[in-house]
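Right, one structure below, let's go through it.
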Number of protein chains: 2
Amino acid sequence: MNDRPSPFPTADDRARSRAAKRMALLEAAVTMFNERGFHATSLDDVAASLGVSKPTIYHYLGNKDQVLIECLKIGVDDLMLADEEARTVKGDGADRLTYFLQAFGETILRPFSRCVVRTGEECLSKTSAEELRAMKLRVHHAMCALIREGMADGSIACADPNVLAFTLAGALNWPARWYDPAHGASPSETVAQIVAHLREGYRPRA
Amino acid sequence: MNDRPSPFPTADDRARSRAAKRMALLEAAVTMFNERGFHATSLDDVAASLGVSKPTIYHYLGNKDQVLIECLKIGVDDLMLADEEARTVKGDGADRLTYFLQAFGETILRPFSRCVVRTGEECLSKTSAEELRAMKLRVHHAMCALIREGMADGSIACADPNVLAFTLAGALNWPARWYDPAHGASPSETVAQIVAHLREGYRPRA
């Protein structure tokens, strides 16, 4: 029996190769969206940065709107991972919320989630804008649930979980606009400093 | 002597008329920038919304980039008024900062300042982007100064005024993206709820 690997790709090989190509295209696209903005980004430039042609992008992803919404989906899914991780944290509700905020803030500074903050809904088609709004609402609801659990066990002081969630998200989203690794603190240090301020705000007073 | 007003405008009349026309054009433009985004806004549509022609806009303001930067200047100047007002508040540093945050947050929800938050620097020419960054830095420094004064008189607990200023600004800027008057609370109520959370964060512990 011949023990050399077959030169013919299996169905699994092809699926892996396809997924890797899609991800390489999405990473190139999200980098340009974040640097230049959606409107100033051309798929020709995205394709050229990988040495492929625009039809390759159409083949794997579709048109520019579809490329953007795929990037945003990854960005929101990554934020939801912060919630999944926070769910495994031992301790009280405030501990889980604080863990979530740190993970959320660090994720925001990675390209796909950063793109979620930097992209206005007005860039998207009506259908895509609604899809994005529904995805963001999942993150908001996850944050509200963590806040409510901390209120229930007495570890979080809060008048309105909805407003607190917007306050926390705003503070942690904003670095997507201003954070520049060239100026000092690492993403995790920067986020930790912001989270420390936010935590003081919801830590109950004796 | 004839006591009817002269039908011929004085230099003052002409200056006032010119200022009123500029402001009407800027208000029409900022409304569209906020609704559609900078790229999807055409000066033809802005002009049409006032029943004038595009050359009228060029005459009073210049091209689309120049119109945008004029809107952003008004937006930043309005934010600086929040600092001027806060400076007159009797009380301690925390009282002045809290006043500033409330005025800042309400100003952010008005069209010109809202446009400052909604507009990415990538929309602007390099020169205009630098100009905008310098203007925003004035607001940031004003906020840092208020924080330092509260730290000095013991009314504000803070490890790093720079990080706290970004945290507070982020939380109060974010409603420029999500706040919709159709859903309940007024701008000032919404901002007051956010500021209450933020204030808990910098109020010293006994």
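Every chain is numbered from 1, with letters handed out A, B, ... down the list of sequences.
Taking chain A as the reference chain and counting heavy-atom pairs below 4.5 Å, the highest number among B:Thr190, B:Thr167, B:Leu168 is found for B:Thr167. The most heavy-atom pairs under 4.5 Å with chain B, out of A:Leu172, A:Asp160, A:Val117, A:Leu164, come from A:Leu164. Heavy-atom pairs under 4.5 Å with chain A peak, among B:Ala171, B:Cys158, B:Ala157, at B:Ala171.
Using a 4.5 Å cut-off between heavy atoms, A:Arg133 does not touch chain B at all. Heavy-atom distances place the side chain of A:Leu198, and not its backbone, under 4.5 Å from chain B.
To the nearest 0.5 Å, the span separating CH2 on A:Trp174 from CH2 on B:Trp174 amounts to 8.5 Å.
Heavy-atom minimum distance, B:Glu122 versus A:Glu35: CB-O, 4.1 Å. Minimum heavy-atom separation, A:Ala159 to B:His197: N-CE1, 4.1 Å. Contact record, A:Glu121 with B:Arg177: N-NH1, 4.2 Å, taken as the closest heavy-atom pair.
A side-chain donor-acceptor contact under 3.5 Å links A:Arg205 to the backbone of B:Glu200.
In this structure, the side chains of B:Cys123 and A:His39 stay at 4.5 Å or more apart for every pair of heavy atoms. Counting heavy atoms from C-beta outward, B:Ile194 and A:Val163 have side chains that approach closer than 4.5 Å.
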